[in-house]
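A quick write-up on the structure given underneath.
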Amino acid sequence: MKKKYLVTNLFAVALFLTACGNNDVAEALDSTTAIKSHEDQIVGDLNAITEQEKKLQGSFENTLAEDETLSTFADGTSAVFENVDTRSNSLSELKEATTTIKEEQVLLDKKTSDKLPQVELDQLTTTIETLTASLDEYITHYESVLADQETYFTDLGKGEATYETLTTGMESINKQDAKTKELLLKLDKQLVEVQDSNKNTTASLNELNDDSK
């Protein structure tokens, strides 16, 4: 009886370990699915900000042409302020998506089961870490961009505003824009790397999941 009892328990342990391995694979797949969703959100937010940036120049020129006293800069009713607010909302969404993708990276970092494709997982978490560091840099930079633009447009509506106020502010905006484009080029490359790494990891996990059925 004792021998049979031991064999039965060893069999149960094997089943338990298999079940744990399957759970790890399923949980990792949940994370890669979530990462894809967060990545799509990040791309959408960055594109939304860029699209609004393209509209800013037109709104600015229309205000200068239609508001000779620049009163709409003073009272905040110029379309440029709405543009700043819209981009600020997209930036807030981007910040939230960055936080959530970081959380998924932490979850994946904690998974060290032998049942998992560790090489692919390590590559994925590394690319996400690189991406989120750049996103943090972009967010910090762009918060400053929005604050400076709002201050600039408000200053144009003040009685003491001069032609120098106009030109100096434009120079500052153009300089910040160059930095924004530099960061976006880096982000574009890193987003592709995360996407590719996530696809590879998901494919390996699906294969493991199919083999365990």
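Each residue takes its place number in the sequence, starting with 1.
Shown here for Ser90 and Ala48, the closest heavy-atom pair between the two residues is OG-CB, 3.7 Å. For the pair Ala97 and Gln41, the tightest heavy-atom approach, listed with the atom from each and the gap, is CB-CG, 3.7 Å. Scanning all heavy atoms of the two residues, the minimum distance from Glu120 to Ser204 falls at OE2-OG, 3.1 Å. Minimum heavy-atom separation, Val25 to Lys115: CG2-O, 4.1 Å.
No side-chain heavy atom of Asn200 sits less than 4.5 Å from a side-chain heavy atom of Gln123. Side-chain contact between Leu91 and Arg87: absent, with no pair of heavy atoms (C-beta onward) separated by less than 4.5 Å. In this structure, Phe81 and Thr86 have side chains that are not in contact, with every pair of non-hydrogen atoms separated by 4.5 Å or more. Between Glu193 and Lys189 the shortest side-chain heavy-atom distance falls below 4.5 Å. The shortest distance between side-chain heavy atoms of Phe60 and Leu156 falls below 4.5 Å. Looking at heavy atoms from C-beta onward, Gln149 lies in side-chain contact with Leu56 at the 4.5 angstrom threshold. Under the 4.5 Å side-chain criterion, counting only non-hydrogen atoms from C-beta, Tyr138 is in contact with Leu184. Within the 4.5 Å cutoff, side-chain heavy atoms of Leu205 are placed close to those of Leu116.
Residues Asn89 and Glu93 bring no donor and acceptor atom of their side chains to less than 3.5 Å of each other. Side chain to side chain, Thr201 and Thr32 fail the donor-acceptor criterion of an N or O pair below 3.5 Å. With no hydrogens or angles considered, no side-chain donor-acceptor pair links Asp155 and Thr165 at under 3.5 Å. Under 3.5 Å, the side chains of Gln190 and Ser134 contain a donor-acceptor pair of N or O atoms. Donor-acceptor pairing under 3.5 Å is lacking for the side chains of Asn47 and Glu51.
In this structure, OG in Ser31 is found 11.0 Å from CD in Glu103, a value given to the nearest 0.5 Å. Rounding to the nearest 0.5 Å gives a distance of 9.5 Å between CG of Asp188 and CG of Leu46. Atoms NE2 and NZ, on His141 and Lys179 in that order, are 7.0 Å from each other to the nearest 0.5 Å. Here OG1 of Thr72 is found 9.0 Å from CD of Glu66. Values are rounded to the nearest 0.5 Å. Atom NZ in Lys181 sits 8.5 Å away from atom OG1 in Thr50 (nearest 0.5 Å). Atom NZ of Lys55 sits about 13.0 Å away from atom CG of Asn62, to the nearest 0.5 Å.
Checked by atom type and distance alone, the side chain of Asp177 never pairs as donor or acceptor with a backbone atom of Ile173 at under 3.5 Å. Side-chain atoms of Thr167 come within 3.5 Å of backbone atoms of Tyr163 as a donor-acceptor pair (strictly under, hydrogens ignored). Judged purely by atom type and a 3.5 angstrom limit, Tyr152 uses its side chain to pair as donor or acceptor with the backbone of Leu166. Here the side chain of Thr99 pairs a donor or acceptor atom with the backbone of Lys95 at under 3.5 angstrom. In terms of modelled atom types and a separation under 3.5 Å, the side chain of Ser37 and the main chain of Thr33 share no donor-acceptor contact. Not a single donor-acceptor pair under 3.5 Å links the side chain of Ser88 to the backbone N or O of Val84.
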Problem set entry | Working for side chain to side chain contact (heavy atoms under 4.5 Å, CB included), residues Thr180 and Ile49 | CA-CA 11 Å; Thr180 299; Ile49 291 170; over 6 Å; no
Exercise. Can you check side-chain hydrogen bond (donor to acceptor under 3.5 Å, both in side chains) on Ser59 and Asn83, steps first, answer last?
Worked result: CA-CA 8 Å; Ser59 297; Asn83 185 289; 4.9 Å; no
For this session: Apply side-chain hydrogen bond (donor to acceptor under 3.5 Å, both in side chains) to the pair Asp67 and Thr69, showing each step before the final yes or no.
Result: CA-CA 6 Å; Asp67 181 13; Thr69 64; 3.2 Å; yes
For this session: Check the pair Asn198, Glu39 against side-chain hydrogen bond (donor to acceptor under 3.5 Å, both in side chains), reporting the backbone distance first and the verdict last.
Result: CA-CA 10 Å; Asn198 198 36; Glu39 182 189 355; 5.0 Å; no
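By the 30° and 60° cut-offs, the orientation of the rings of Phe73 relative to Phe153 is parallel.
Connection of Leu208 to Leu107 is not established within any shared hydrophobic cluster, with ILVMFWY side chains joined at heavy-atom distances below 4.5 Å, either directly or through further cluster members. At a threshold of 4.5 Å between side-chain heavy atoms, the hydrophobic network of Ile, Leu, Val, Met, Phe, Trp and Tyr places Leu64 and Met170 in one connected group.
Here Glu27 does not pair with Lys110 in a salt bridge; the nearest charged N to carboxylate O distance is not below 4.0 Å.
Heavy atoms from other residues, nucleotides or ligands lying under 6.0 Å from CD of Glu96 number 12 at most. By the 6.0 Å contact criterion, CD on Glu82 is open, its count of non-hydrogen atoms from other residues, nucleotides or ligands being 12 or less.
Take Thr98 and apply the side-chain contact (heavy atoms from CB on, under 4.5 Å) test, not counting sequence neighbours, and it matches Leu94, Lys102, Thr132, Leu135, Asp136, Ile139.
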